[in-house]
Amino acid sequence: MTEQTTSRRPHRGDDSDHPDVVVSVGTDHHAFDRLVRWVDDYARRHPDLRVLVQHGHSAAPSRATGSPFLPGNELSEAMGRARAVVCHGGPGTVVQARTSGHLPIVVARDPELDEHVDDHQLLFADRLEEAGRARVCSTAQQLHALIDKALSTPEDFRVDPTTDSGPGDAAERAGALIDLLSDQEAPEPRARPMGNEGEWPRVTVVVPTRDRPELLRRTLRAVAEQDYPGRITAVVVFDNSRPDDSLARSEGERPVRVVTNSLTPGLAGARNTGILAADTELVAFCDDDDTWMPGKLRAQVEVLRAEPETEMVCCGIRVVYDKVESERVLERTHVTYRDLLASRLTELHPSSFLIRRSAMVDGCGTVSEEIPGSYAEDYELLLRLAKRAPIRNLPEAGVRVLWHRKSFFSERWQTISTALRWLLEKYPEFRVVPRGHARIAGQIAFAEASAGRRGPALRWIGTTLRTRPLEGRAYVAFLVVCGVPPGWILRLLHLRGKGV
């Protein structure tokens, strides 16, 4: 057992000596460094809590002291004294946590991240949650939220230990859990009824805006003109600008609400303000300089009505730059987490997003407000949602996207570089997908070169080429280092409907 360093830690002989959170990562030969990093990050943010991590063959927490692990009986004793228990998806550890009186918070190893030999823990975790025997999460944000919830409402994370107390009972329950594991058929998708039968579900479209009144009114007109039989409520979120209450209307099937960003300033906080203000089961995004084509929303909702297991639908875009239009359409209908690690797939533009609200609010979390400057917040949300289920895509253009110099991130090079480095740190999985890692490293190199930071740019160019020698962004960044204006390069790319 390893103890995370905290402030005001009680002496080991004190009766008050007990952990707040116990984390069991497993002592088998399959490391689970990702879970250790997530817990380490949580402990850094909560120095007043005492966190014990049994890490086995996994790496020790960065701020840890003490022995590498405790024997099973001592681990059980620590679990019994803890306020919350987190564990990997092994049947024995889950039973151990429940025997100590806890509804465990479970993070399963992911075979796509080379954390195990097959996908049995992911399948097993799904069965555990369906059976109500654990609370399962797949992202750091989910884990941190569940720990917070377990500490604030411990009664929701307790079970009757007498039902799991004896060795025979524990063995029997472990065997039942393993039986669940051995059944390799995927669980049936949970039905998500969408309104009454025959009715089209209500949709909320979140429109963040900042000082672009003419473009905003054009965006709202396109929403109002949708060929969609159901109700569409536009929530216009003013971010760092005075709200225009004259836009609001309550009558008809296309009402408009006007609110101000009440969360973190920037695009992420504005989107989340709109998401939390929504009272519909479906939420869509549309930037204030983009417009939906008339049949866009209807086509996407038809997919969600036909596929209860689908949580998100995107579509292609038509990019407009300097009076030149270029169509960007992804010729596939399903996008996986691994697909998104390998490529940003810019065809999946945020103005095309249609999402089940519960998948964010009750699932992977809303838009991350931790990303510096809110840059690439849409991509990070795609990654989290794709971890839950493949994203559905309609291989046809449904949104006209305007690229211009008033875009929020036009030439904010240092913000872009910082945000992309945050993304690489937050998702170490990129390191096992060379194409994706080189792509982001090349973008960082271009941003650093455009900001005039020659040394960091050259270092990131080197990182890019070592990862993937054919990554074109490294060579484009080198052109900027040699004096080619970045604006000239961007203009050439934008005329083709592409970015760096």
Side-chain angles (χ1 to χ4, degrees), residues 141 203-224 232-249 254-280 282-292 297 312 314 317 348-361 363-385 399 401-412 415-416 418-420 422-423:
Q141 286 181 316
V203 180
T204 297
V205 52
V206 178
V207 185
T209 189
R210 181 188 299 171
D211 298 326
R212 297 197 283 217
E214 293 182 3
L215 292 174
L216 172 62
R217 289 182 182 275
R218 189 190 63 171
T219 297
L220 293 177
R221 279 197 302 272
V223 170
I232 309 173
T233 301
V235 177
V236 182
V237 185
F238 283 82
D239 178 48
N240 284 330
S241 60
R242 185 183 298 276
D244 181 1
D245 293 326
S246 68
L247 296 171
R249 62 175 181 268
R254 300 292 186 263
V256 177
R257 296 174 56 192
V258 174
V259 300
T260 57
N261 182 5
S262 59
L263 301 173
T264 305
L267 194 54
R271 291 201 202 280
N272 285 340
T273 296
I275 292 168
L276 297 177
D279 60 357
T280 58
L282 298 182
V283 174
F285 295 167
C286 190
D287 292 343
D288 66 352
D289 51 355
D290 300 334
T291 53
W292 287 355
L297 186 59
M312 180 179 191
C314 299
I317 59 176
L348 308 182
H349 190 276
S351 291
S352 79
F353 291 5
L354 178 65
I355 311 168
R356 297 187 194 272
R357 185 175 181 272
S358 61
M360 294 181 291
V361 175
C364 69
T366 54
V367 181
S368 173
E369 298 178 36
E370 299 178 13
I371 301 178
S374 292
Y375 181 78
E377 98 297 339
D378 53 324
Y379 179 39
E380 197 274 338
L381 179 61
L382 279 171
L383 288 169
R384 280 188 280 126
L385 285 166
V399 183
V401 175
L402 179 62
W403 284 359
H404 53 96
R405 294 196 175 274
K406 286 189 178 181
S407 296
F408 284 171
F409 297 105
S410 178
E411 300 184 4
R412 291 173 54 187
T415 296
I416 292 172
T418 304
L420 291 174
W422 179 94
L423 197 64

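Worth knowing before you read on, the calculation uses all heavy atoms, side chains too, and leaves out hydrogens, waters and symmetry mates.
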ask   = Looking only at atom types and distance, does a side-chain atom of Asp378 sit under 3.5 Å from a main-chain N or O of Leu381, one as donor and one as acceptor?
value = no

query = Do you know which of Arg217, Arg210, Arg212 makes salt bridge (charged side-chain N to carboxylate O under 4.0 Å, His left out) with Asp244?
reply = Arg217

query = Looking at side-chain heavy atoms only, is the closest gap between Leu402 and Arg218 below 4.5 Å?
reply = yes

query = Do you know which two heavy atoms are closest between Thr273 and Ser262, and how far apart they sit?
reply = OG1-N, 3.3 Å

query = Closest heavy-atom contact between Ala224 and Arg254?
reply = O-NE, 3.4 Å

inquiry  = If you define the side chain from C-beta out and look only at heavy atoms, does anything of Asp287 sit under 4.5 Å from Arg271?
reply    = yes

Closest non-hydrogen atom pair between Ala278 and Val283, with its separation = CB-CG2, 4.0 Å

inquiry  = What I'd like to find out is whether the side chain of Phe353 reaches to under 4.5 Å of the side chain of Leu382, using heavy atoms alone.
reply    = yes

query = Taking 4.0 angstrom as the limit, do Glu380 and Arg384 come out as a salt bridge?
reply = yes

key: Under 3.5 Å side-chain donor-acceptor pair for Asp288 and Thr219   = no

Check: Leu282 and Arg357 side chains under 4.5 Å, non-hydrogen atoms = no

request  = Measure the shortest side-chain to side-chain distance between Leu420 and Tyr375 over non-hydrogen atoms and say whether it is less than 4.5 angstrom.
outcome  = yes

query = Going from CZ on Arg249 to CG on Leu220, what distance comes out if it is rounded to the nearest 0.5 angstrom?
reply = 7.0 Å

ask   = Could you give the distance from OG1 (Thr366) to CD (Gln141), rounded to the nearest 0.5 Å?
value = 7.0 Å

Closest heavy-atom pair and its distance - Ser374, Ala268 = OG-N, 3.0 Å

key: Heavy-atom check, side chain of Ser352 versus side chain of Val399, under 4.5 Å   = yes

inquiry  = Please report the interatomic distance OG(Ser368) to CG(Leu383), rounded to the nearest 0.5 Å.
reply    = 11.0 Å

query = How far apart are the closest heavy atoms of Pro265 and Asn240, and which atoms are they?
reply = CB-ND2, 3.9 Å

inquiry  = Using 0.5 Å steps for rounding, measure from the CD1 atom of Ile232 to the CG atom of Leu297.
reply    = 5.0 Å

request  = With rounding to the nearest 0.5 Å, note down the distance linking CZ in Arg221 to CG in Leu216.
outcome  = 10.0 Å

inquiry  = Are the side chains of Tyr379 and Ile371 in contact, using a 4.5 Å heavy-atom criterion?
reply    = no

request  = State, to 0.1 Å, how close Val203 and Thr280 come at their nearest heavy-atom pair, and which atoms those are.
outcome  = C-OG1, 3.9 Å

ask   = Can you find a pair of side-chain heavy atoms, one from Asp290 and one from His349, that are under 4.5 Å apart?
value = yes

